[in-house]
Amino acid sequence: MKPQIATAKPALQILKYGDPILRKKVENVSDFRNIPDLVEQMFNTMHEESGIGLAANQVGYSLNLLILDTSCLEGEEDTKPYILINTEIIGSEGSTIMEEGCLSVPDIRAEIERPESIIIKYQDLEQNFHEEIFTGLVSRVIQHELDHLDGKLFVDYLSPAKQMLIKKRLLEISKNGSPSTGIIL
Ligand code: NI
């Protein structure tokens, strides 16, 4: 028997609220050569942080690339991991309110209203194009991650009153990486 070779790629650092890279719109992926390695590192990072979605610019790569994996959540039906590249929303329907959190905005959770279903166009690792409809939690995670790729964060949707409530915490995150206390809005 051959010895097992360790191939695990190290996890990457998650950029936090206040980092200018998170506010910059990403570029489309045109050179796919290093994407499989980056995707593997992103999955390692996301799993280590117990996240269910991650956008490439959250780990410092300003590219239209996002991953998601909701398999850690009980009762989830659509549990296969997704790797979405050069994604574009081409349609949406309905409206639903769900609680969201974000690895770049730790310990702050809030109910956010978004379309219930989306139709997206994206490429896979082999550069093939797909058009697919998503609904439920997966649709929600994709919309949250696509906002990241546009330089938007879920807290941007909060009312001015709720923004006031988290102002100090956001400042603490940008200074120390986490707030002194958590909050659910
Ligand atoms: Ni996020």
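Indexing begins at 1, ligand by ligand and atom by atom, following the structure's order.
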* Is it true that the side chains of Ser139 and Gln143 contain a donor and an acceptor less than 3.5 Å apart? -> yes
* Among the protein atoms near the Ni ion (ligand 1), how many are N, O or S and lie under 2.8 Å away? -> 3
Counting only pairs under 3.5 Å, give me each side-chain donor-acceptor contact of residues 153-162, with atom names and distances, residues two or more places apart or in other chains.
from, atom 1, to, atom 2, distance (Å)
Asp156, OD1, Arg23, NH2, 3.0
Asp156, OD2, Arg23, NH1, 2.8
Asp156, OD2, Leu153, N, 2.9
Tyr157, OH, Asp147, OD1, 3.4
Tyr157, OH, Asp147, OD2, 2.7
Ser159, OG, Lys162, N, 3.2

* Yes or no on side-chain contact (heavy atoms from CB on, under 4.5 Å) for Glu172 and Thr181, after CA distance, side-chain angles and deciding distance? -> CA-CA 10 Å; Glu172 288 171 340; Thr181 54; 5.6 Å; no
* Where do Met46 and Leu68 come nearest, in terms of heavy atoms and distance? -> CE-C, 4.2 Å
* Rounded to the nearest 0.5 Å, what's the gap from CD1 on Ile118 to CD on Glu132? Could you check? => 10.0 Å
* Tyr82 vs Tyr122, ring-ring contact (aromatic ring centres under 6.0 Å, His included): CA-CA, chis, key distance, verdict -> CA-CA 11 Å; Tyr82 288 95; Tyr122 67 94; 7.6 Å; no
